[in-house]
Amino acid sequence: MRIGIGSDHGGFALKEEIKKLIEISGHEVFDYGTNNSESVDYPEYGKLVGEAVVSGKIDRGIVICGTGIGISISANKVKGIRCALCSDTYSARMSMEHNNANVLALGGRVLGIDLAKEIVSVWLNSKFEGGRHQRRIDKISEME
Ligand code: RB5
């Protein structure tokens, strides 16, 4: 898959680690910044990654800020984005199987690196189940 990733300064260090994981898992990584730990505004990166998913340039996105909250709220403002902020592997799996989350958000100041990697691996390897879940997602789309 083509995976886009973006973060603010609070998520920069974790972004660099997650990029390596995505590559060794056989996926293609597209880095939407930021490129260092200088202070930036997370909405810009949530928007960039969200728009890349909706336009079809990438298949899925990962966004990271300090808590994951601001950048997930931002990504979810892009029409067509279902961004799930996850801090555990069960939610990561469900976010794909039930919610078809096309963007995963992580908190770089909340999660340890090993847990964050596990969350990403589970999410990348999970598939949407469709069926009744599609009906619910259609209802979300109707609200946009
Ligand atoms: C930046 O200091 C911090 O507010 C940001 O990374 C994020 O946690 C916001 O939700």
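Every number for a ligand or one of its atoms is a count from 1 in the order of the listing. Every value quoted in this text rests on a predicted model; they were computed, and no experiment measured them.
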Which of the atoms in ligand 1, numbered in the order shown and given with their element, are less than 4.0 Å from a heavy-atom of [X]?
| X | value |
| --- | --- |
| Asp8 | 1 (C), 5 (C), 6 (O) |
| His9 | 1 (C), 2 (O) |
| Gly66 | 5 (C), 6 (O), 7 (C), 8 (O) |
| Arg109 | 1 (C), 2 (O), 3 (C) |

Please write down residue, atom name and distance for the protein heavy atom closest to [atom].
| atom | answer |
| --- | --- |
| atom 9 (C) of ligand 1 | Tyr42 CE2, 3.5 Å |
| atom 8 (O) of ligand 1 | Thr67 N, 3.0 Å |
| atom 7 (C) of ligand 1 | Cys65 SG, 3.3 Å |

Between Asn102 and Arg82 the two heavy atoms that sit nearest each other are OD1-N, 2.7 Å
Throw together a table of side-chain donor-acceptor distances under 3.5 angstrom for residues 106-128, partners on residues two or more places apart or in other chains.
{"from": "Ser121", "atom 1": "OG", "to": "Lys117", "atom 2": "O", "distance (Å)": "3.1"}
{"from": "Asn125", "atom 1": "ND2", "to": "Ser121", "atom 2": "O", "distance (Å)": "2.9"}
{"from": "Ser126", "atom 1": "OG", "to": "Val122", "atom 2": "O", "distance (Å)": "2.6"}

Query - Presence of salt bridge, Lys139 and Glu142, under 4.0 angstrom - result: no
For a side chain to side chain donor-acceptor pair (under 3.5 Å) check, start with the C-alpha distance between Ser141 and Asp138, then their side-chain angles and the critical distance, and finish with the verdict. CA-CA 5 Å; Ser141 302; Asp138 289 343; 5.1 Å; no
When the side chains of residues 38-52 are checked against the rest of the protein, which donor-acceptor pairs come out under 3.5 Å, sequence neighbours left out?
{"from": "Lys47", "atom 1": "NZ", "to": "Glu51", "atom 2": "OE2", "distance (Å)": "3.4"}

Indicate yes or no: at least one non-hydrogen side-chain atom of Ile62 is less than 4.5 angstrom from one of Ile22.
-> yes
Inset, instruction - Consider every N or O of Gly70 and every N or O of ligand 1, then say whether any pair is closer than 3.5 Å. - result: yes
